[in-house]
2 protein chains.
Amino acid sequence: MTEPTRPAADVLALLGVPLEPLRESKGGRTREAILGAAVALACRTGLGGLTVGSLATEVGMSKSGMFAHFGSKEALQLAVLDAAALEFATEVVLPALSAPRGEPRVWVLVEGWLSCGLMRRPGGCVFVKSSTELDEQPGPVRDRLRNQHLELGRSIARIFAGGIREGHFRADADPERFAGDLHAVMLGFYHQHRLLGDPRAEERARAAVTALLDAARPPGEGSGVRAGAAAEAGR
Amino acid sequence: MTEPTRPAADVLALLGVPLEPLRESKGGRTREAILGAAVALACRTGLGGLTVGSLATEVGMSKSGMFAHFGSKEALQLAVLDAAALEFATEVVLPALSAPRGEPRVWVLVEGWLSCGLMRRPGGCVFVKSSTELDEQPGPVRDRLRNQHLELGRSIARIFAGGIREGHFRADADPERFAGDLHAVMLGFYHQHRLLGDPRAEERARAAVTALLDAARPPGEGSGVRAGAAAEAGR
DNA sequence: GCGAGAATAGTACGACCGTTCGCACTTTTG
DNA sequence: CAAAAGTGCGAACGGTCGTACTATTCTCGC
């Protein structure tokens, strides 16, 4: 995995990803390294289960060294959320935004999301894990996670609305509802894949999305382009 | 909340709920009381966040008193899972099983499930929380949770299959796929309701289930009975 | 009403938690 | 090149974790 070049700032801002100064000093680099390990660790244990001690041993530093970079555990959790959001935005949302508008763009998003959940690092997804952890335990971390989810929902709705303008979907279709439905499909996929270990989870998720899109299609049109080529070209 | 009478043993066994001897001695009663508090606590903190100390203060006993009833934390977690499954089975699944077969039975299940997620004790659902906690951390607790989820899926599939036999749904509809799709809708509902606090979550979940059922209906039939009366009579 | 055994309290333990502080070492800056 | 700032370590703190052992209190069949 090569060092990913940072996408254009305005696009990221559109996705609600805050971009800290990105200092290129010594400390800035190790901070980045710590964050990478922290995201991977949080994927396995959740944001609450992410302990300073385990993170320190993971990166081969002392606990106190962590506090030199992040003042508190809460600040570390916030930084982890932002780093994970940056990753998700660059690897899933941005490729979709550079695909042709309308249904192909939806499919690139779905395929990127699926492969993110499938072949990803062990432990799963920070966002899914911390969503259920924090859902009723108020505080800055919960608020940040909530805002990120809302922003993701808005992005999905925008992508779907583009499909309406292209004529791929009915004019009276509800983009927000589609965003919620798609998110539900992905949650179900995650659950079936991770906990139940069902090998048909991926195929079923695609079928569910297809059903969602079919229901949103203008009357009298068959199943639309599955956009396999577009999905491949998008990454 | 009155003491719920225990349902017929064979029905519970069908749902995969183990039924321990249910001793009526002093210790048996306090064990039941502890389990009730433990389930409520686990709903707020998850199975992993459920600590022996906090549970002890919650029920007004000492930590060592807990270990007299449950030998270890793991045994406590297993007991909590079983108690929660018993609750879910009696309050959601069983009422559905006594509703008229077919689509009305599906709707009683959905309504019970929704109200379970809505007006329930603070903190949410143990199963959702522990699903994401344990999904990749092997052990007896994870196995039990997995089996409970599989059993729930089978129950949903059976209920849907009954709708096929009644002629409410297409003969070539896939009950297992419906079970997965319904679960996904409920997960999405939970997420929208708990984390995002969206007041439209409930209405959207009903719309999603309606879409699921419409897609499964035999061709040439309009939207089926919404079964409002049946849903009310079922509880 | 008494004695056996269950039920619960008390205490102690080692491990790890998040956090702080003081001190070395290195990098950047003037 | 010296000073200032940044970077990381080691030790220690008060707490809480799960668990073990030993007492004490209570219940209940006889």
Side-chain angles (χ1 to χ4, degrees), chain A residues 20-39 41-42 44-81 129-130 133-134 137-142, chain B residues 20-39 41-42 44-81 129-130 133-134 137-142:
Chain A
E20 61 274 16
L22 189 63
R23 300 163 299 160
E24 218 20 90
S25 58
K26 167 89 182 305
R29 263 176 281 122
T30 63
R31 187 194 144 101
E32 222 68 21
I34 294 176
L35 264 183
V39 171
L41 208 55
R44 276 185 267 141
T45 62
L47 264 190
L50 172 67
T51 72
V52 183
S54 60
L55 177 60
T57 48
E58 184 85 7
V59 299
M61 282 179 57
S62 64
K63 283 207 301 178
S64 47
M66 306 291 101
F67 280 87
H69 290 275
F70 316 90
S72 67
K73 177 169 182 180
E74 192 177 270
L76 171 65
Q77 290 174 321
L78 289 174
V80 165
L81 274 185
K129 280 210 163 67
S130 43
E133 274 184 71
L134 304 170
Q137 127 183 356
V141 187
R142 189 198 107 125
Chain B
E20 60 275 15
L22 187 62
R23 300 165 299 161
E24 218 20 271
S25 60
K26 170 84 183 305
R29 262 177 282 122
T30 63
R31 187 195 144 100
E32 223 67 20
I34 294 176
L35 264 183
V39 171
L41 206 57
R44 275 185 268 142
T45 60
L47 265 190
L50 172 66
T51 71
V52 183
S54 59
L55 178 59
T57 49
E58 184 85 6
V59 298
M61 281 180 57
S62 64
K63 283 208 302 178
S64 47
M66 306 291 101
F67 278 88
H69 290 277
F70 316 91
S72 68
K73 179 169 181 181
E74 192 177 89
L76 171 66
Q77 291 175 320
L78 289 175
V80 165
L81 274 185
K129 281 211 162 68
S130 43
E133 273 184 73
L134 304 171
Q137 130 183 354
V141 187
R142 188 198 108 126

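In what follows, chains carry the letters A, B, and so on, assigned in the order in which the sequence lines appear, proteins first and then strands, with residues in each chain numbered from 1. From a predicted model like this one, the values you see are computed outputs, not experimental measurements.
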| request: For B:Met66 and D:dC17, give me the distance from atom CE to atom C1', rounded to whole Å. | output: 15 Å
| request: Grab the CD-C1' distance between A:Glu74 and C:dC17 for me, whole Å please. | output: 16 Å
| task | State, yes or no, whether a side-chain contact exists between A:Leu76 and A:Met66 at a heavy-atom distance under 4.5 Å. | result | no
| request: Using only side-chain N and O atoms of B:His69, determine if any of them is under 4.0 Å from OP1 or OP2 of C:dA6. | output: no
| For D:dG8, does OP1 or OP2 lie under 4.0 Å from any side-chain N or O of A:Thr30? | yes
| query | Whole Å only: how far is the CE atom of B:Met61 from the C1' atom of D:dC26? | reply | 13 Å
| request: Please report, rounded to the nearest Å, how far the P atom of D:dG14 is from the NZ atom of A:Lys63. | output: 15 Å
| Can you tell me how far C1' of D:dT16 sits from CD of B:Glu58, to the nearest Å? | 17 Å
| said: Counting only side-chain heavy atoms from C-beta out, which of D:dG18, C:dG18, C:dT8 sits nearest to B:Ser62? | reply: C:dT8
| query | Expressed in angstrom and rounded to an integer, what is the separation of A:Phe70 atom CZ from D:dG8 atom P? | reply | 11 Å
| request: State whether the side chain of A:Lys129 and the backbone N or O of A:Gly48 hold a donor-acceptor pair below 3.5 Å, judged by distance alone. | output: no
| Any donor-acceptor pair under 3.5 Å from B:Glu58 side chain to B:Leu41 backbone | no
| note | Of D:dC28, D:dT19, C:dT11, the nucleotide closest to the side chain of B:Arg29 is D:dC28
| query | Checking all strands, does B:Leu50 fall into the base, sugar-phosphate, or nothing category for heavy-atom contacts under 4.0 angstrom? | reply | sugar-phosphate
| task | Give the nucleotide from the list C:dT19, D:dG8, C:dA9 with an atom nearest to the side chain of A:Phe67. | result | C:dT19
| field | Nearest-angstrom distance from the residue atom CD of B:Glu32 to P of C:dA7 | value | 13 Å
| query | Would you say B:Leu78 and B:Phe70 make side-chain contact, with heavy atoms under 4.5 Å? | reply | no
| said: Nearest whole Å is fine: how far is D:dC17 P from B:Leu76 CG? | reply: 13 Å
| Does a side-chain heavy-atom distance below 4.5 Å link B:Arg142 with B:Gln137? | no
| query | If you check the B:Thr51 side chain, which of D:dG8, D:dG18, C:dT19 turns out closest? | reply | D:dG18
| request: For B:Ser64 and for A:Ser72, locate the closest nucleotide of DNA chain C by heavy-atom distance; then report the residue assigned to the nucleotide nearer the 5' terminus. | output: B:Ser64
